[in-house]
*Asks:* 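Mind looking over this structure? Questions follow.
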Amino acid sequence: MIDITFKDGNVKQFEPGVTPEDVAGAIAPGLKKKTVAAFVDDDLYDLNRPIYSDATIDLITKDNEKAFEVLNHSTAHLMAQAVKRLYPDAQFGVGPAIKDGFYYDIATKHTIKNEDLGKIENMMKRIVKEQASMTREEISKEAALKRFKDDPYKQELINDLEDGETISIYSQGEFTDLCRGGHLGNTRHIKHFKLLSVAGAYWRGDSDREMLQRIYGTSWFTKEDLEAHLAVLEERKERDHRKLGKELKIFMLDQKAGQGLPIWLPNGYTVRRTLEDYVYKLERRHGYKHVSTPVLGTKSLYETSGHFEHYQDDMFPLMKSKEETFVLRPMSCPHHMIVYNSELRSYRDLPLRYAEIVTQHRFEASGGLSGLERVRAMTLTDSHIFARKDQIKEEVLNAYNLINQAISDLGLEIDYVELALRDDAKGKFHDDDQLWDEAEATLKQLLDEEGIEYVSAKGEAAFYGPKVDIQVRTAMDHVITMSTVQLDFLLPERFDLTYIGQDGEKHRPVVIHRGLISTWERLMSILLEQYKGAFPTWLAPVQMKVIPVSLDAHQAYAEELHETLMDLEFRSELDNRNEKLGYKIREAQRSKIPYQLVVGDEEVQSNTVTYRKYGHQEQVTVSKADFIDMIKQEIKDKA
RNA sequence: GCCGCUAUAGCUCCAACCGGUAGAGCAAUUCCAUGGUAAGGAAGAGGUUGCUGGUUCAAAUCCGGCUAGCGGCACCA
C-alpha cells in the first residue's frame, strides 16, 4: 500500500498504481465526475496516470483554471487526430492550450480552408464517441527519435530536450503525440468545443523558417460556457473600433490616401483635439514646456542618435536633395536633444521637461497594419526629461504619477507594469555594460522602494536603455503598452549633452523618455472599444442635440438654447430638419450623443429643457440654468 | 514581409441558380404630411461589380497579376 497525502493533510492508503481518478472516486463519486487531472508531488498528472509510491495529491476540478488548460490541451490532441485522419500527410508542430482555447500547428499539402473546419469538427465528434483512452508512456530519447522518425518537427523538438529529461508520449487510438502531458484520460470527456479559424504561423516563431497552418479552437466543460464564450466573441465584433469608427464617422482609411495612413473625420478630430488640450494642460501643470519640431530631419541626426542603425528598415525611404539626405522622422528624441543643446545649461536648470505633440511616420510591415491600432502615420504626446542623476528617482516617479492620472481620467485601468531589460542578443542593445547595469539597477531599486509591482521582461528594452512600460488591457482583451518611462544614459553621450555643475565642471545629464498615452490613433481605438462608441460627455464629439418638437412653434426657442450652449463652449447641435420627432430621436440615439434635449410647448412656456441621457429611458425636465450647471460639473469630473 | 480568406450603389447585404451584361434595405434628393421620445407616405435618381490582363460569341461570375481590407504569424524605438 502507498500513502496518498491530501492538501488538507489527510492521508489515505491505496494500492500502488492507483490513478487520480480512483483517488477522487474513493472520496466521493461527485468529486470523481468533477476531477480533470491532479498535481501529484507538484507534477501535473493525467486522470488515468498511475501513482506507484507515496505522494501528495492536489486534485484539479473543473472549476480550476488549470482544468480549462488541461481540457483545451486534450482537445488540441483530439483535433490533431482528426486532422491526421482527414489529411494523412499531416505533420504537427506544437499544439498548446492558450488563454480561452488552444491551437495546433499543422504541415500538410492540403490547404485547410474555413469550410474544412466543420469537417474536422465532425471527425473530432466521431473520435469522442470512440471513447479512446489517452495513455501516457515514458520513453528514452533514442526511442522517441525512432518513434517520430518520419516527423521532422517532432525530431527537432526531441533533439532540443535536455539529456536526461523525461520524454513522454501520449496515445489515443491510432494517434500518438509527443507531449509533456496533463490530459483528460479519455476523449469522451471532451464535449463542447468549436474550431474558430485557420491562420499561418512560422515554425518555432521564426520568420526565417517555414510557415505552418494553425487552427485555433476553444473547448469548454459545459454547453453554456461554450455558448457564453462564443457570445463574448460576437460582442467583441460589435465593439470593434473599425466598425464603430465608420458608423460614428470618427476616421477613415482610403486606398488612394495610402495604406496605414488614417484620415481623422470631424467627429474623430474633435475627440482628438479634446484629448490634446487635456494633455497639454496636464503637462503644463506638471512643469513641462512644450516645443514644436519638424517631421523631417537630416539622416545624420538619426545616425548620431543611433536610431538609423537600429530601425532603418522600419523607416520610410530616404529623401535626397543635392546637398542633404532627409528622413521622415520615426520619433522625436533627437530633436529634443538639440533643443537641450541650444543653451548652456546649469545644474540649477534641471530637471528640464520638454514635451511635444509629435507627428511621426513608421514604415510598418504591411501585414501588421490594422485599423487605428497599427498605422504608418501617428501623432502622440512625447516628452524628454533632462535631469541630474540625483533627480532620476523623483522624475521617474513624477512621470509615473502623471501616467496614472491620465489613465484614470480616461476611464482605463493599468493591467500591469513591465520592466523591460536587455538580454545578450547581439547588436540589439548598445554595448556599454556599465551604463546598462547602472540604469537597470536604478529602475529596479526605484520600483522596489515605491512598492510598485512589476514583471521583468528580458530582451524587451530599447536599444538605448531599460523601460518601465505601463500595460493596459483593452475591452477587446488585448494588452497594449499605453505609457512608458525609459531611462537613457546613451543619448546624452551621443549628443554630448552637458550641464555646468556646482563645482564649475561639465557633467552629463540623464534623459528620461516618457510616453503618456500611446498615440492618438491607438488611444482612439481603445476608447472607442472601451466605451462602445458612447463617449463620456467631456470627450463626446457632439455633447448634446437640441430637437424642437415642431419647427413652426419651437424652432426659435431651440435655436436660442443651442446658441446659449455653444456660447458656453459646449458641443451642441441643433436638429432643425423637417422630420418626425421619433426619427430625430432615433438618429440621436444611434449616434450615441450623451444628451438629447427635446423642446416643445411645455419647455417654451416654462423656460426649461427636457433631456434624456444616452443609455437611459427617463425624461427629465429642468431649468436651463440647472442643465448647464449639471453639464459643466460632468465635464469637469470627466464622468 | 509571410500564410490563408475577401472585395457588388454613400452604408449594409451568403440578391444575381451551372458564364447571358446588376438587385434590396437604409441614407441622400424632390413632393405630400407638421409631429412629445428609436423609422409617416410617395416618386425619381444612384453602378465601367477594387484595378489590370487572359479564356470565351458572351465574365460580377472562370484563370493570372496587382492593390486594399480581414484572421493570424513575424516585427513594434
Side-chain angles (χ1 to χ4, degrees), chain A residues 103 105 107 111-116 196-216 237 240 242-243 246-247 249 252-260 302 305-315 329-334 360 362-371 373-375 378 382 420 428-429 460-465 467 480-481 484 486 488 491 513 515 518-519 522 547-555 578-591 596-603 610-612 616-619 621:
Chain A
Y103 67 77
D105 286 349
T111 300
I112 300 170
K113 309 240 165 128
N114 274 324
E115 303 90 86
D116 295 326
L196 298 171
S197 61
V198 215
Y202 293 110
W203 169 234
R204 313 211 88 179
D206 183 344
S207 57
D208 291 332
R209 307 199 63 177
E210 67 268 40
M211 186 158 264
L212 307 178
Q213 302 186 67
R214 172 174 295 181
I215 301 179
Y216 284 93
K237 281 189 204 158
D240 192 311
R242 291 165 298 196
K243 180 175 151 71
K246 186 181 261 185
E247 281 171 9
K249 299 182 188 172
M252 62 178 288
L253 289 160
D254 183 86
Q255 238 184 72
K256 276 206 191 80
Q259 191 180 21
Y302 286 83
S305 71
H307 285 91
F308 188 78
E309 182 199 340
H310 282 271
Y311 297 111
Q312 56 176 304
D313 289 345
D314 300 311
M315 288 163 67
R329 73 164 165 203
M331 27 62 61
S332 61
C333 326
Q360 58 193 32
R362 294 181 182 178
F363 198 65
E364 301 280 5
S366 60
L369 301 172
S370 174
E373 218 173 304
R374 197 79 183 272
V375 292
M378 64 213 85
D382 199 7
K428 209 174 154 191
F429 307 104
E460 298 296 315
F463 76 86
Y464 46 73
K467 313 187 283 180
I480 61 117
T481 301
T484 185
Q486 310 173 353
D488 181 358
L491 292 190
H513 304 244
S518 185
T519 63
R522 188 172 281 180
I547 304 173
V549 173
S550 155
L551 278 189
D552 287 344
H554 317 122
Q555 188 169 5
N578 194 1
E579 290 291 350
K580 300 274 273 192
L581 181 60
Y583 181 87
K584 294 186 189 180
I585 296 282
R586 177 182 152 81
E587 212 165 82
Q589 286 290 325
R590 298 209 332 167
S591 350
Q596 358 176 333
L597 310 178
V598 173
V599 293
D601 287 340
E602 219 179 285
E603 289 74 18
T610 297
Y611 70 81
R612 177 172 149 190
H616 294 76
Q617 288 298 322
E618 312 86 73
Q619 299 162 37
T621 304

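By convention in this document, chain letters (A, B, ...) are assigned in the order of the sequence lines, proteins followed by strands, and residues within each chain are numbered from 1. Note that the structure is a prediction, hence the values are computed from the model and not measured.
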*Asks:* Reckon N114(A) touches a base, only the sugar-phosphate, or nothing at all at heavy-atom distances under 4.0 Å?
*Replies:* nothing

*Asks:* Where does the angle between the aromatic ring planes of H310(A) and F463(A) fall among parallel (under 30°), tilted (30 to 60°) and perpendicular (over 60°)?
*Replies:*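 Taking F463(A) first and then H310(A), their aromatic rings lie parallel (interplane angle under 30°).
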
*Asks:* Can you tell me which nucleotide in A77(B), U34(B), C73(B) comes closest to the side chain of D552(A)?
*Replies:* U34(B)

*Asks:* Does a side-chain N or O from K237(A) land closer than 4.0 Å to OP1 or OP2 of C70(B), or not?
*Replies:*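 Result: no.
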
*Asks:* Looking across every strand, which nucleic acid part, if any, lies under 4.0 Å from A201(A) by heavy atom: base, sugar-phosphate, or nothing?
*Replies:* sugar-phosphate

*Asks:* It should be established whether Q259(A) places a side-chain nitrogen or oxygen under 4.0 Å from OP1 or OP2 of nucleotide A68(B).
*Replies:* yes

*Asks:* Tell me if C18(B) is syn or anti. Syn = glycosidic torsion within 90° of 0, anti otherwise.
*Replies:* syn

*Asks:* So what does Y103(A) hit on the nucleic acid, given a heavy-atom distance under 4.0 Å: a base, only sugar-phosphate, or nothing?
*Replies:* nothing

*Asks:* Over all strands shown, is G371(A) touching base, sugar-phosphate only, or nothing at heavy-atom distances under 4.0 angstrom?
*Replies:*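 Sugar-phosphate contact only - G371(A) comes under 4.0 Å of backbone atoms but never of a base.
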
*Asks:* Is there a side-chain polar atom (N or O) of K113(A) under 4.0 Å from OP1 or OP2 of G4(B)?
*Replies:* no

*Asks:* Can you tell which of A77(B), G72(B), A74(B) lies closest to the side chain of S207(A)?
*Replies:*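 Among A77(B), G72(B), A74(B), the one nearest the side chain of S207(A) is A74(B).
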
*Asks:* What does nucleotides 36-44 of chain B look like as a protein-contact string, B for base, S for sugar-phosphate only, - for none, at under 4.0 angstrom between heavy atoms?
*Replies:* BBBBB----

*Asks:* Using whole Å, report how far CD1 of I480(A) lies from P of A77(B).
*Replies:* 13 Å

*Asks:* Mind checking R374(A) for me? I need base, sugar-phosphate or nothing, with any heavy atom below 4.0 Å counting as a touch.
*Replies:* base

*Asks:* Quick one: label S550(A) by what it contacts on the DNA or RNA (base, sugar-phosphate, nothing), any heavy atom closer than 4.0 Å.
*Replies:* base

*Asks:* With no hydrogens and no angle check, is any side-chain donor or acceptor of R214(A) less than 3.5 Å from a backbone partner on A199(A)?
*Replies:* no

*Asks:* With a non-hydrogen cut-off below 4.0 angstrom, is H310(A) in contact with a base, only sugar-phosphate, or nothing?
*Replies:* nothing

